[in-house]
Amino acid sequence: TYLGERWKRGLPIEVIPMAATPIKVAIESKYGGEANLRMGVSKMGPVVSDNGNFIMDWKFVPSPSADWQQIDADLHMIPGVVGTGLFLQTAHQAYFGKNDGTVQIMKNPNTQ
């Protein structure tokens, strides 16, 4: 499996409000897909982060050959991007609950 194969809601990207439109254009022109502000459900307007920024969801075309390390670095280089939902090389292991009540532990081979 690879990123985006099953998750269809987009990659969250935190952006400075006044830069939202240029960021959308930059992401879509470089990587394709569609980047849109996440709109509030119980309020009018876009979702606002704890830092007062907007959350943008980028729906990309899944690809097993995507270099997410480079894409994350490129996204962070766009003026106005505060952060992404790509938490690369941060977890040592992940826990997955199974339907039968057992837990599968997957270790990250790139960390110690």
Side-chain angles (χ1 to χ4, degrees):
T1 63
Y2 48 89
L3 187 62
E5 183 179 20
R6 295 189 184 149
W7 179 255
K8 305 295 181 195
R9 293 172 54 190
L11 173 70
I13 302 170
E14 184 176 359
V15 302
I16 294 173
M18 63 189 244
T21 300
I23 291 169
K24 172 184 173 59
V25 170
I27 292 171
E28 291 177 352
S29 64
K30 183 164 185 168
Y31 295 109
E34 189 176 346
N36 291 309
L37 289 177
R38 184 183 299 172
M39 300 309 285
V41 175
S42 298
K43 70 173 205 85
M44 289 188 67
V47 170
V48 178
S49 73
D50 291 342
N51 297 320
N53 299 312
F54 291 163
I55 303 298
M56 181 173 286
D57 291 311
W58 172 40
K59 294 180 181 170
F60 53 90
V61 177
S63 170
S65 62
D67 180 356
W68 286 105
Q69 294 282 355
Q70 187 60 53
I71 292 170
D72 189 48
D74 291 347
L75 290 172
H76 278 90
M77 294 301 294
I78 299 171
V81 170
V82 177
T84 72
L86 291 171
F87 299 99
L88 305 175
Q89 303 301 322
T90 58
H92 296 281
Q93 58 191 25
Y95 300 86
F96 298 94
K98 306 288 225 152
N99 288 337
D100 64 3
T102 62
V103 176
Q104 175 188 359
I105 301 173
M106 184 179 273
K107 295 188 181 286
N108 183 344
N110 299 315
T111 62
Q112 297 179 8

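Each residue takes its place number in the sequence, starting with 1.
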Which of these, L11, I23, N36, sits in a side chain to side chain contact (heavy atoms under 4.5 Å, CB included) with M56?
I23
Once rounded to the nearest 0.5 Å, what's the spacing between atom NZ of K30 and atom CD1 of I71?
9.0 Å
K24 (side chain) donor-acceptor with A35 (main chain) under 3.5 angstrom:
yes
Group every Ile, Leu, Val, Met, Phe, Trp and Tyr by side-chain heavy-atom contacts under 4.5 Å, then state whether L37 and V48 land in the same group.
yes
Can you tell me how far the CZ atom of R9 sits from the NZ atom of K59, to the nearest 0.5 Å?
9.0 Å
Does NZ belonging to K43 count more than 12 external heavy atoms closer than 6.0 Å?
yes
Partner set under side-chain hydrogen bond (donor to acceptor under 3.5 Å, both in side chains) for D50, not counting sequence neighbours
none
Could you please spell out the steps behind the side-chain contact (heavy atoms from CB on, under 4.5 Å) verdict for D74 and Y31?
CA-CA 10 Å; D74 291 347; Y31 295 109; 2.6 Å; yes
Can you name the one residue among I55, I16, I13 that meets side chain to side chain contact (heavy atoms under 4.5 Å, CB included) with V82?
I16
Between A19 and G80, which heavy-atom pair has the shortest distance, and what is it?
CB-CA, 3.9 Å
Taking all non-hydrogen atoms of both residues into account, name the closest pair between P17 and G52 and its distance.
CG-O, 3.7 Å
Heavy-atom nearest pair, R38 first then P12, reads NH2-CB, 3.6 Å
First locate atom CG of L86, then atom CG of D72, and finally report the distance between them rounded to the nearest 0.5 Å.
4.5 Å
Hey, quick one: are V15 and V25 part of the same hydrophobic cluster, counting side-chain heavy atoms closer than 4.5 Å, chains of contacts allowed?
no
I'd like to know if the side chain of N108 reaches the main chain of A91, judged simply by a donor and an acceptor atom lying under 3.5 Å from each other, with no hydrogens or angles considered.
yes
Rounded to the nearest 0.5 Å, how far apart are CG of L88 and CH2 of W68?
9.0 Å
Output yes when a side-chain donor or acceptor of W58 lies under 3.5 Å from a complementary backbone atom of G32, and no otherwise.
yes
Residues forming a side-chain hydrogen bond (donor to acceptor under 3.5 Å, both in side chains) with K107, sequence neighbours excluded:
Q93
Do you know which two heavy atoms are closest between G83 and H76, and how far apart they sit?
CA-NE2, 3.6 Å
For T102 and D100, does a side-chain donor sit closer than 3.5 Å to a side-chain acceptor?
yes
Would you sort out whether V47 and F54 count as a side-chain contact (heavy atoms from CB on, under 4.5 Å), showing the intermediate values?
CA-CA 6 Å; V47 170; F54 291 163; over 6 Å; no
